[in-house]
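Computation of the quantities below employed the complete heavy-atom set of this structure, encompassing side-chain atoms and omitting hydrogens, waters and symmetry-equivalent molecules. In listed order, ligands and their atoms are each counted from 1.
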Amino acid sequence: MTQPVVIVRSNPRCLAHDPGLGHPESARRLEVVLAALEAGAAGRWTVDREAPLPPDDDVIGTLRWIHDADHIERVRRASEEGAGWLDSHDCRVSRGTFDAALAAAGLALGAALDLANGRLQRAFLAIRPPSHHAERSAARGFCFFNAVALAAEVVVQAWNRPVLVVDFDAHHGNGTQRHFYDRSDVGYVSVHGYPAFPGSGGADETGAGAGAGTTRNVPLAPGADDAVYCEAFEGALEEVGSRLQPAAIVVSAGFDAHVADPVGGMRLTEVGVRRLSAAVTGAAERWASGRLLSILEGGFDLQALANCARIHVEELASTEVGKADA
Ligand SMILES: [Zn+2]
């Protein structure tokens with residue numbers, strides 16, 4: 001029997017962030033995801049709950065590619081001070097916030113380096129807090145550091161080949177889009193509710209300068225079902241992927257478009273999540289020799305989140321990786 005190629009990585013430090021006050025982005029999310037992935041593995045993937053992290057100083061140094069040093073320091077100081085709000089009404093900090101956000105970024109950095117060095121071909125990172133709303137100098141939308149942007153940046157810097165970030169979370173990844181907006185080497189594809197938080201992600205936002213045409217947003221009215229959501233995503237993915245010919249795919253894997261989610265406002269079911277996951281896996285096979293790094297974003301109904309994460313990883317594990325390696 002061959003070894004599973006898909007690795008699920010997490011780290012207990014990601015549990016340390018506790019916004020409290022009944023906040024939907026709780027540590028319980030990660031616990032149910034990991035339990036579902038362990039129960040569903042059946043030899044098809046491995047789950048490493050205590051994946052090693054790069055040294056914190058290395059993570060902080062690399063995070064400066066994505067965030068101003070002042071922002072990193074503000075998150076650290078706010079966490080030292082304990083409970084309170086940072087930058088916006090939805091980012092509540094606890095004493096463990098900096099530690100958790102740094103660990104999440106560390107898992108992304110470690111996996112991106114492993115991918116770039118050929119030690120890893122496909123992984124799902126079960127991390128929190130999430131990533132894609134974090135701006136260069138501000139926390140936003142439950143997100144403090146942008147681990148997805150960090151992973152894409154690390155791979156593209158290592159290889160000097162294009163990377164495609166795809167985002168099927170119910171919300172637009174404003175932070176990720178902004179970081180790569182004028183870049184020709186990193187594409188960004190997002191399908192999301194609109195108008196809705198965070199307010200960006202209109203169809204006319206398509207990149208600028210050298211990055212013109214490398215960003216593709218498909219804004220959808222609230223209540224989109226499997227067919228609408230998946231067709232929009234598949235079309236945008238095909239459009240940008242065939243143009244960019246990425247060497248790796250990085251996924252902002254948010255599951256808050258599920259019909260049971262209290263936040264996302266969409267009507268996706270497990271069938272749709274399987275289809276979205278098959279689309280990103282197919283894109284990785286087609287353009288990137290199977291290389292794919294998927295990173296957990298939103299998803300706030302615990303049962304739906306657990307189901308969706310398991311289905312997503314099942315699809316990542318459904319094909320052989322690297323048969324046509326470049
Ligand atoms: Zn979301």
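The aromatic ring centroids of Tyr188 and His179 lie 6.0 Å or more from each other.
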Distance-only donor-acceptor hits, side chain of residues 101-113, under 3.5 Å, sequence neighbours excluded:
none

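When the Zn ion (ligand 1) is compared with the N/O/S atoms of Asp169, atom OD1 turns out nearest. Summary: ND1 is the N/O/S atom of His171 found nearest to the Zn ion (ligand 1). Within Asp256, the N, O or S atom lying nearest to the Zn ion (ligand 1) carries the name OD2.
Look at Asp56 and Arg76 and you find no salt bridge, because none of the NZ, NE, NH1 or NH2 atoms lies under 4.0 Å from a carboxylate O.
Using modelled atom types and a 3.5 Å distance limit, the side chains of Ser252 and Glu297 yield a donor-acceptor pair.
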